[in-house]
Amino acid sequence: MAFAPVGPEASFFAAVDQHRASLLAALRGGGAERAGGGPRPASSSQVLASIENVIRDIITSLARNEAPAITIDDRSSWENMKFEDSVGLQMVSHCTTRKIKSDSPKSVKNFALILKILSMIYKLVQSNTYTTKRDIYYTDSQLFGNQTVVDSIVTDVSCMLKVPRRSLHILSTSKGLIAGNLRYIEEDGTKVYCSCTTAVAVSSNIQGIWNLITDAKFLLIVEKDATFQRLLDDNFCSRMSPCVIVTDWENGVRFMNGCGLFRPVVCIVQFFPQSVPVFYHLKLKGKGVPDLNTRLLVKKLWDVFHVPIFTLVDADPHGIEIMCIYKYGSMSMSFEAHNLTVPAIRWLGLLPSDIKRLNIPKDALIPLTKRDQMKLDSILKRPYVTCQPFWRREMEIMADSKMKAEIQALTFLSSDYLSRVYLPNKLKFGGWI
Amino acid sequence: MEGTAVAVCEILKYLIIHWKCETAGVSKGTLLEGQLVISIEALNSKHQTNTLHCVTTIASAGSIYGGLVLEKFLKEIQSTLPGFSAKLPWTSEEASSSQDISGVTPFQMTFEVHEKPRILMTNSLMIKDFLHKIVMVHPKIRFNFNVRVNGILSTELFGAKNEPTLNLSNGMALVVNYQHYVSRAKSGTTEFFCSRIHPVLGPPVVLFIPDDVAGVDLLGELILTPAAALCPCPKVFSNQLNRISSVSIFLYGPSGLPLISPSREQPPTTVLKDTFCFIDWKKYHLCVVPNLDLNLDRDLVLPDVSYRVECSKEDQSQNMDPQGQTLLLFFFVDFHSGFQVQQMELWGVHTLLTTHLSTILMESHSVVQDSIEAAVDQALEQHHQAVKAHQKLQTSLSVAVNSIMSIVTGSTSSSFRKSCFQALQAADTQEFGTKLHKSFHEIMQYRFLHHGSCEVKQQLLPEKNDAEQSTEDAHENSSLEFLAGRAVAAGGLQSVRVAESRPWALSRALSLRVHADPPAPRAVSSSIKLLRAPRVCVSVRGGAGQVREPAPPDDVTRTSGRRGPTGGGITSLVRAASPGAMAALGGDGLRLLSVSRPERQPESAALGGPGPGLCCWVSVFSCLSLACSYVGSLYVWKSELPRDHPAVIKRRFTSVLVVSSLSPLCVLLWRELTGIQPGTSLLTLMGFRLEGIFPAALLPLLLTMILFLGPLMQLSMDCPCDLTDGLKVVLAPRSWARCLTDMRWLRNQVIAPLTEELVFRACMLPMLAPCTGLGPAVFTCPLFFGVAHFHHIFEQLRFRQSSVGSIFLSAAFQFSYTAVFGAYTAFLFIRTGHLIGPVLCHSFCNYMGFPAVCAALEHPQRRPLLAGYALGVGLFLLLLQPLTDPKLYGSLPLCVLLERAGDSEAPLCS
């Protein structure tokens with residue numbers, strides 16, 4: 001049994017390693033790291049100065065007896081987006097802008113709220129304290145009315161001042177959890193050990209973490225909390241060692257502990273800590289989008305380690321959307337694409353083609369709703385789909401079959417099919433696209 | 001309602017109905033316009049004590065009552081007023097007989113009656129009220145109501161001509177100024193959101209007339225259109241909804257006449273007996289009681305029915321709220337649109353409505369109620385929306401102001417704070433805060449006024465109208481070119497651009513006009529008006545440069561006296577066109593013109609210095625001498641050697657370089673002689689400049705290469721080596737070195753293009769252009785160039801290389817070839833304003849030589865080659881304009897020169 005871990009181990013990760021090598025080659029081939037476009041972390045004084053500039057503009061236009069307006073780059077039209085395979089979605093340099101006028105009954109409230117949040121940011125930056133979007137909302141929930149209002153305004157302000165969110169001293173609440181082989185030190189010195197058994201919440205200050213250490217071979221992004229928990233419960237994280245596959249569990253663990261080189265090395269990053277029903281609810285409302293900190297962490301892990309990153313999402317338009325946001329970014333955050341997107345991300349599962357391949361019973365499938373169809377069509381029209389022919393094919397398969405499947409559909413085959421068979425096979429044979 | 005009032009009202013009613021039928025039939029939407037005078041003269045009666053003898057006169061302007069037959073009128077009006085006919089002696093006079101009432105005569109009727117003083121007073125008030133009501137829907141009728149009691153005259157004018165009106169969709173026009181409906185005192189001193197009411201129409205309802213009422217043979221269908229409005233408009237930023245404190249109902253019959261009962265027993269307020277049943281007041285949580293305490297003595301339109309809203313007990317405290325609003329209800333009863341009605345029928349309907357309105361309305365109770373309530377609902381909804389919008393606005397405003405304040409006060413940057421304070425001219429934080437709030441408030445309120453339905457139709461200022469009108473006049477009546485753009489944004493900024501040649505025309509036109517018809521020549525006065533308009537920008541392009549001066553209206557007359565030798569001579573001419581200086585214009589126009597170039601030839605009228613003829617001769621002479629000296633320089637060396645001999649070439653290099661380097665001096669001399677001021681340095685004029693040099697170097701060359709597409713193809717086809725090898729050879733340093741040492745190459749590719757272009761284009765074109773204009777210059781300039789190439793003849797003749805005939809033939813051919821080429825490079829020079837382009841093209845063409853067309857025709861690969869030729873020429877023609885677009889190369893000095901010289905629209909400059 002002593003030789004067992006070594007042989008299969010090497011062959012098991014062969015595909016992943018090869019993938020990693022090709023990614024690294026592509027990185028080198030593509031020249032240096034991306035030139036640091038986009039907003040860079042700004043110093044406090046810069047943030048203060050740019051806020052002052054905005055206020056000064058408003059006051060001067062008031063003094064001229066004109067209705068002041070705030071100009072923000074328009075991120076709602078695809079015409080202002082350019083797609084670059086190595087970066088993802090970016091804003092074009094000369095994009096159209098949209099004006100938030102103070103003299104139109106529709107936008108006057110938005111105008112006032114932007115000013116309010118600007119003043120709050122100003123105070124925060126001055127006092128060097130941090131807050132969250134949630135806290136901002138609760139300072140005057142009546143006025144804001146809705147958390148999404150605050151969220152969109154904070155994003156707008158970040159875009160307007162060309163300053164990353166964190167430099168505005170507004171943290172977003174982290175919804176992500178991480179598990180696996182990863183250690184790092186938070187800015188305040190706290191040492192964080194992620195383990196394979198318990199999940200750790202994603203830090204809300206990604207920029208501040210340092211001394212990241214991992215031996216991970218790959219990183220898996222899981223869309224759903226339930227699946228994440230299931231993988232942890234199934235010891236997927238630990239079993240992803242070749243010894244586990246070949247030998248028994250005990251040996252594998254012992255071996256892993258003894259041999260640092262071939263440790264079970266998976267980081268699982270996911271979001272949505274909510275329970276499943278809540279998640280469904282959110283999903284139906286189309287609100288499940290990756291939160292900023294998780295995206296930042298994925299980006300950081302990629303930048304530091306260059307390990308292959310895979311995504312495990314539902315085989316439905318929403319899952320594809322989430323994956324696309326990790327890979328290429330979203331329109332609303334396109335101005336910060338440089339700090340957020342990881343184009344090296346690959347789609348591991350659940351592929352629509354898998355549904356047929358694995359003969360998943362029809363009962364486990366769900367017909368596409370009208371909303372799903374529309375979403376799918378809109379994704380198919382996006383610029384980045386053209387350079388992902390495989391993705392396009394998968395989406396076309398989905399569109400043709402008019403069916404979607406959740407990750408849980410695999411449990412119809414066997415309760416631990418996902419962690420025992422599906423993922424290991426995928427990883428072993430390079431089943432990502 | 002007593003005698004006089006009823007009589008007056010009925011007569012007026014009759015008149016207006018007649019008027020309406022006369023002017024527009026009964027078509028809706030036409031407003032009556034005119035003036036009526038009602039005067040009551042009362043004197044103490046000699047026979048009875050405490051009784052006044054009243055003589056009432058009703059008069060109007062003539063055109064209104066053209067078709068009124070007096071006898072018929074008297075008969076009909078007497079039948080309508082049966083009670084008076086016995087008592088009142090009717091007298092009527094022919095139109096022109098009496099002139100005493102403010103000159104308005106053609107219709108006039110008088111009647112006399114005895115009244116008690118108190119009754120006369122109520123009568124007057126009722127008449128006033130009647131007039132007021134008419135004016136509300138006929139804003140263009142004016143009433144002049146005079147009452148003279150024992151010699152004491154009181155006059156009142158009714159009319160809403162200049163007041164805002166709203167054309168309702170049922171064809172009525174309604175005056176919407178709230179002051180007619182609610183007293184000013186009630187509104188308090190606080191600011192209102194707007195001074196209008198915003199009536200909302202309910203759906204029109206067809207009224208059925210019950211058989212027992214319809215005594216008259218009726219008629220078409222009657223339509224009731226209710227309108228509801230809340231008055232006054234909600235107060236700005238009021239936090240609480242305003243309470244409705246009263247309800248006023250106004251009744252209008254067909255032709256927009258108030259429904260007032262003719263019988264004296266009925267008080268006017270009871271025409272509509274119980275409005276209770278038409279509105280479910282409980283629905284609106286209102287508890288209404290009839291308000292009988294109507295004070296006639298008010299400046300308001302008196303409602304036909306009025307209710308006071310009683311408050312329920314819990315909000316008793318607000319009972320006395322003076323800010324309560326009034327719900328205004330207008331009931332317009334009219335005929336179905338398009339229904340032709342005769343005058344008497346209209347009259348009859350009025351009588352019917354005034355007596356039986358309640359019954360008629362009751363007949364169609366439910367639909368009437370629905371319609372009224374729909375109108376009220378909509379009015380209330382509109383009101384609620386407005387209030388909500390204001391509340392939102394107010395919140396936003398305070399949030400915005402507080403946020404800005406918090407940033408400004410919390411800022412640690414003193415320069416930022418200072419600049420903020422300075423912008424609003426505030427001394428300290430407190431003042432800054434108040435000013436910030438104030439300006440925000442003003443801007444928002446202003447914008448919201450425009451947003452809501454309250455916007456004021458901005459009447460064009462009469463002044464501006466004049467200006468616009470006069471612009472048109474100017475176009476019509478004189479040859480002046482006023483390009484008066486109607487800049488809307490700045491409130492009518494008018495700009496008058498007079499090209500340099502035009503002031504002349506202006507002065508001529510002005511003086512001619514003045515002489516022609518001295519009193520008030522239209523063109524002159526109109527142009528003056530134009531200048532007097534508040535913000536006129538007079539821009540004159542004259543010899544003294546471009547003068548752009550705003551001419552404030554009060555400045556016109558003052559500056560008219562200024563005729564000193566100032567730089568703005570032309571401007572002062574234009575300004576002098578004020579009424580006071582009109583007489584001076586004819587004589588002084590020319591003199592003033594000459595002032596624009598005071599330091600030069602002041603006696604000359606031409607702006608370009610010496611006369612054009614002289615100027616041209618100087619230019620042509622300079623060009624000719626340049627060409628001659630260029631060619632001559634080649635022959636100063638007496639030599640027997642052929643032209644391609646290196647020694648000859650070297651010598652000629654020297655002389656040609658000397659001549660071409662001296663040629664700018666010629667231009668300098670020319671400038672001094674003619675006195676033309678190009679406005680730029682000579683070097684710039686000659687095409688030595690940096691602006692746009694890269695496109696100027698590349699694009700013309702590219703264009704030429706396109707033209708030579710065929711020859712180039714031919715060259716590459718005939719080339720023994722393939723393209724890459726050829727390129728390698730061409731790019732190798734050795735080949736360059738060989739070229740540079742090859743005297744012929746140097747001459748053909750470098751020196752000749754450079755010097756020829758310098759002399760024949762850069763020096764000659766600036767001299768020729770002002771004389772001939774740009775277009776002709778392109779074709780005259782190469783003549784010198786072509787002539788200069790004739791010198792080859794001498795050489796050829798000298799060496800007898802071929803027969804004389806063929807020499808001359810080739811010379812003629814060369815002349816035409818070089819002339820065409822010269823025209824092309826001249827065109828390039830003018831269009832690009834650079835010397836580099838023509839030089840490179842010249843060099844390229846020298847390298848290519850004349851296309852070997854004959855060889856191409858016999859070429860083995862003839863077809864593609866000829867296609868290449870054709871394609872090249874076609875593309876060239878296609879791209880000639882766009883590639884030489886002056887916009888690519890910055891401002892063109894030659895065009896500037898020409899513009900300054902008066903030719904503002906040179907065809908090649910754009």
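Each chain gets a letter, A, B and so on, in the order the sequences are listed, and its residues count up from 1. The figures that follow rest on heavy atoms only: side chains count, while hydrogens, waters and symmetry mates do not.
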For this session: Name the region of B:Phe421, side chain, backbone, both or neither, that has any atom closer than 4.5 Å to a heavy atom of chain A.
Result: neither
Problem set entry | Region of A:Ile114 that comes under 4.5 Å of a non-hydrogen atom in chain B | neither
Problem set entry | Residue part contacting chain B, namely of A:Glu52, when any heavy atom lies under 4.5 Å | both
Problem set entry | Contacting moiety of B:Ser398, where chain A heavy atoms sit under 4.5 Å | neither
Seminar exercise, completed: Output for pair (A:Thr139 OG1, A:Met120 CE), nearest 0.5 Å, gives 3.5 Å
Exercise. Relative to chain A, which segment of B:Thr395 carries a heavy atom at a distance below 4.5 Å: side chain, backbone, both, or neither?
Worked result: side chain
Exercise. Is it true that the side chains of A:Ser43 and A:Gln46 contain a donor and an acceptor less than 3.5 Å apart?
Worked result: yes
Exercise. Where on B:Val408 is there a heavy atom nearer than 4.5 Å to chain A: the side chain, the backbone, both, or neither?
Worked result: side chain
Exercise. Are A:Arg166 and A:Tyr130 in a cation-pi contact, defined as NZ or CZ under 6.0 Å from the six-membered ring centre and within 45° of the axis?
Worked result: yes
Problem set entry | chain B contacts, top residue of A:Asp140, A:Thr60, A:Ile55, A:Leu143 (heavy-atom pairs, under 4.5 Å) | A:Ile55
Exercise. Heavy-atom distance under 4.5 Å between the side chains of A:Tyr138 and A:Arg134, does that happen here?
Worked result: yes
Problem set entry | Side-chain donor-acceptor contact under 3.5 Å, A:Asn53 with A:Ser50 | no
Seminar exercise, completed: Bottom line for B:Ser411: the part with an atom under 4.5 Å from chain A's heavy atoms is both
For this session: May I ask you to test the A:Arg56-B:Phe416 pair for a side-chain heavy-atom distance under 4.5 Å?
Result: yes
Problem set entry | Part of A:Ile117 lying under 4.5 Å from any heavy atom of chain B | neither
Exercise. Judged by atom type as modelled, is there a donor-acceptor pair below 3.5 Å linking the side chain of A:Ser167 to the main-chain atoms of A:Val163?
Worked result: no
